[in-house]
**Q** 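One structure is given below, represented as C-alpha cells, and several questions about it will come after.
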Amino acid sequence: LVLTALSGIFCFDRLLTALPEPPDRFRRAMTTLTFGLGTAIHYGAPMANVWLEAQITATALQCWALWMAARGRAWSCGVALGLTVLTRSTVTLAAPAALWMLTHGTEAKTAREAAPPRARWIRAGIALGVPIAIAAALHGLYNLARFGSPTDAGYHDILMGDAFQSLVSRFGRFNLRFLSHNLDGWLFALPRLVNGRLVPDGHGMSLLLTTPFLLLLLRPRRVSALEWILLGNSLLIAVPSLLYYNDGWVQFGQRFALDWIALGLAACALASRRAPGWLVTGLAIVGIGVNAWGTLWFQANNLH
C-alpha cells in the first residue's frame with residue numbers, strides 16, 4: 001500500500017506540472033508534500049486495513065486519470081477511471097474535471113484545435129464512458145455471482161453494530177439528516193483533552209487542522225475557470241460522504257476526504273501562486289506535523 005500511495009503521489013505531482021499555467025516548482029513541491037504527508041494518506045498507507053487499502057488505491061488511480069486528462073490522453077484516462085469503479089466508485093465522479101481538461105487543456109492543443117468543439121467533446125466522452133461502462137458491467141456481474149443481484153455490493157451484509165443499524169433502519173444509508181454531523185466533523189472537530197493530554201477524536205478531526213493547506217482556497221483572488229471546475233467537482237464527490245450514515249470511524253482526520261482531496265489540492269496549488277511563500281510553507285509544515293502526530297498515535301494505540 002505504501003508503494004501504491006507513492007505512485008499516486010508521483011501522478012499527482014505530474015498532474016500539477018501538466019495543468020494550464022501550473023504553479024512554480026516551489027509551490028508544486030509544497031502541494032505535493034501536503035498531498036502525501038498532510039492528508040489521511042500519511043497515516044493510512046503505513047497502517048493499512050481494507051478500508052484504507054481501497055481508498056488510497058482509488059485515489060492513486062484518480063491521480064493517474066487526471067494526469068492523463070491534463071496531457072490529453074483520453075483513453076488512458078478512461079481506463080484509470082474505469083478501474084476506480086472497481087475500487088471505490090465515488091472517486092469515479094472526477095470524470096467531469098477529467099472531461100474538461102481533455103477538451104480545454106494545453107498539451108494536446110494542436111490536435112484539439114484541428115477538430116470542431118462538438119467532435120472534441122464527443123471523442124473525449126466516448127473515451128471516458130466506454131471503460132467506465134465496461135467496468136460497471138463487470139462489477140454488476142461480480143455482485144450477481146456473490147450476492148444474487150448486480151446492484152448489491154454486499155453492504156446489506158455488513159455487521160455495523162446496534163447504533164449504526166438503528167440509523168440505517170430509520171433513515172437509510174444516505175440522508176440529509178447526516179449532513180450536519182458530517183459537516184461539523186469536516187470543519188470544526190478538534191482533539192479531546194484526556195488526562196491532561198491531547199488525544200485525536202476517533203471520529204475524525206477538522207480538515208482545517210489536519211490539512212490547513214486548504215485554507216489557501218479562501219485567499220481573495222480572481223478564480224480561473226479551471227479552479228472553479230476543480231472546486232465544483234470536489235464538492236460533487238464530497239456530497240455522498242457528507243450524506244452517509246458513517247463518518248469514517250476509526251480514523252485520523254477525514255479519510256473520506258481522500259475521494260476529492262487531489263482535486264481540492266490541485267485547486268490550492270493554483271491558488272498558491274497568489275499567496276506569499278512563507279504562508280504556503282507554513283501551512284504545508286503544519287499539516288505534515290499534525291498528520292505525523294496522528295500516525296504515531298495510531299501506531300502506539302494499535303488502532304490499525
Side-chain angles (χ1 to χ4, degrees), residues 8-41 59-74 77 80-81 91 93-109 112 124 186-187 207-208 210-239 254 257-288:
I9 294 165
F10 171 80
C11 290
F12 178 77
D13 184 72
R14 295 296 87 198
L15 163 65
L16 296 183
T17 66
L19 291 175
E21 300 181 12
D24 59 42
R25 185 176 182 181
F26 162 72
R27 285 168 171 78
R28 191 187 85 220
M30 291 298 101
T31 310
T32 300
L33 285 170
T34 294
F35 177 73
L37 297 174
T39 68
I41 292 175
T59 299
L61 288 168
Q62 186 191 69
C63 290
W64 174 31
L66 293 170
W67 175 30
M68 292 297 99
R71 295 190 62 190
R73 300 191 176 185
C77 175
L81 287 176
V91 173
L93 293 173
L99 184 62
W100 191 92
M101 285 191 281
L102 283 169
T103 54
H104 292 77
T106 57
E107 292 209 8
K109 186 175 181 180
R112 282 193 306 275
W186 282 29
L187 295 178
L207 289 166
L208 303 181
T210 57
T211 312
F213 206 80
L214 293 170
L215 290 169
L216 289 172
L217 296 174
L218 302 178
R219 186 170 177 81
R221 64 193 187 280
R222 289 190 63 180
V223 180
S224 66
L226 178 56
E227 287 178 72
W228 282 120
I229 292 294
L230 294 172
L231 291 173
N233 207 159
S234 297
L235 180 60
L236 173 67
I237 298 172
V239 167
Q254 300 291 338
L258 289 180
D259 293 349
W260 56 265
I261 202 69
L263 290 161
L265 288 177
C268 289
L270 297 176
S272 71
R273 296 174 302 180
R274 292 174 288 274
W278 64 265
L279 179 60
V280 175
T281 303
L283 293 175
I285 289 174
V286 170
I288 292 170

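Since this is a predicted model, take the numbers as computed values, not measurements.
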**Q** Let me confirm one number: the CZ-OG1 distance from Phe12 to Thr31, rounded to the nearest 0.5 Å.
**A**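 Answer for the CZ-OG1 pair, Phe12 versus Thr31, is 6.0 Å.
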**Q** Gly36 and Ile9: which non-hydrogen atoms are nearest, and at how many Å?
**A** CA-CD1, 3.6 Å
**Q** Please round to the nearest 0.5 Å and tell me the distance separating atom OG of Ser234 and atom CD1 of Ile261.
**A**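 Output value for this atom pair is 8.0 Å.
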**Q** If you take all heavy atoms of Phe35 and Cys63, which pair is closest and at what distance?
**A**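 Reported closest heavy-atom pair: CZ-SG, 3.6 Å.
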**Q** Salt-bridged, Arg273 to Asp24, with N to O below 4.0 Å?
**A** no
**Q** Which residue in the set Leu216, Thr39, Leu270, Leu230 passes side-chain contact (heavy atoms from CB on, under 4.5 Å) when paired with Leu265?
**A** Thr39
**Q** Determine the minimum heavy-atom distance between Ser272 and Val280, stating which atoms define it.
**A** CB-CG2, 3.9 Å
**Q** Rounded to the nearest 0.5 Å, what separates atom CD1 in Ile288 from atom CE in Met30?
**A**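 If I round to the nearest 0.5 Å, the distance is 7.0 Å.
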**Q** Could you check if a side-chain atom of Trp100 sits within less than 4.5 angstrom of a side-chain atom of Leu226, using non-hydrogen atoms only?
**A** yes
**Q** Indicate the atoms forming the closest heavy-atom contact of Ile229 with Ala97, along with that distance.
**A** CG2-CA, 3.9 Å
**Q** Search all heavy atoms of Pro212 against all heavy atoms of Val286 and return the closest pair with its distance.
**A**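 Where Pro212 meets Val286 most closely, the heavy atoms are CG-CG1, 3.9 Å.
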**Q** In Å, rounded to the nearest 0.5 Å, how long is the span from CG of Leu81 to CE of Met68?
**A**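 The distance works out to 11.5 Å.
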**Q** Would you say the side-chain atoms of Asn233 pair up with the backbone N or O of Leu93, donor to acceptor, closer than 3.5 Å?
**A** yes
**Q** Can you tell me how far the CG atom of Leu33 sits from the CD1 atom of Ile285, to the nearest 0.5 Å?
**A** 10.0 Å
**Q** Should Thr210 and Gln254 count as side-chain neighbours, where that means a heavy-atom distance under 4.5 Å?
**A**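 No, too far: nothing below the 4.5 Å cut-off.
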**Q** Walk me through it: do Leu19 and Met101 pass the test side chain to side chain contact (heavy atoms under 4.5 Å, CB included)?
**A** CA-CA 8 Å; Leu19 291 175; Met101 285 191 281; 3.8 Å; yes
**Q** So which atom in Ala94 and which in Leu66 form the shortest heavy-atom distance, rounded to 0.1 Å?
**A** O-CD2, 4.3 Å
**Q** State, yes or no, whether a side-chain contact exists between Leu231 and Leu235 at a heavy-atom distance under 4.5 Å.
**A** no
**Q** Kindly indicate whether the side chain of Thr281, heavy atoms from C-beta on, has any atom under 4.5 Å from the side chain of Trp278.
**A** no
**Q** Count the heavy atoms belonging to other residues, nucleotides or ligands that lie under 6.0 Å from CZ of Arg73, then report whether that count exceeds 12.
**A**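 No.
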**Q** When rounded to the nearest 0.5 angstrom, what is the spacing between CZ in Phe213 and OG1 in Thr34?
**A**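 Going from CZ on Phe213 over to OG1 on Thr34, the span is 4.5 Å.
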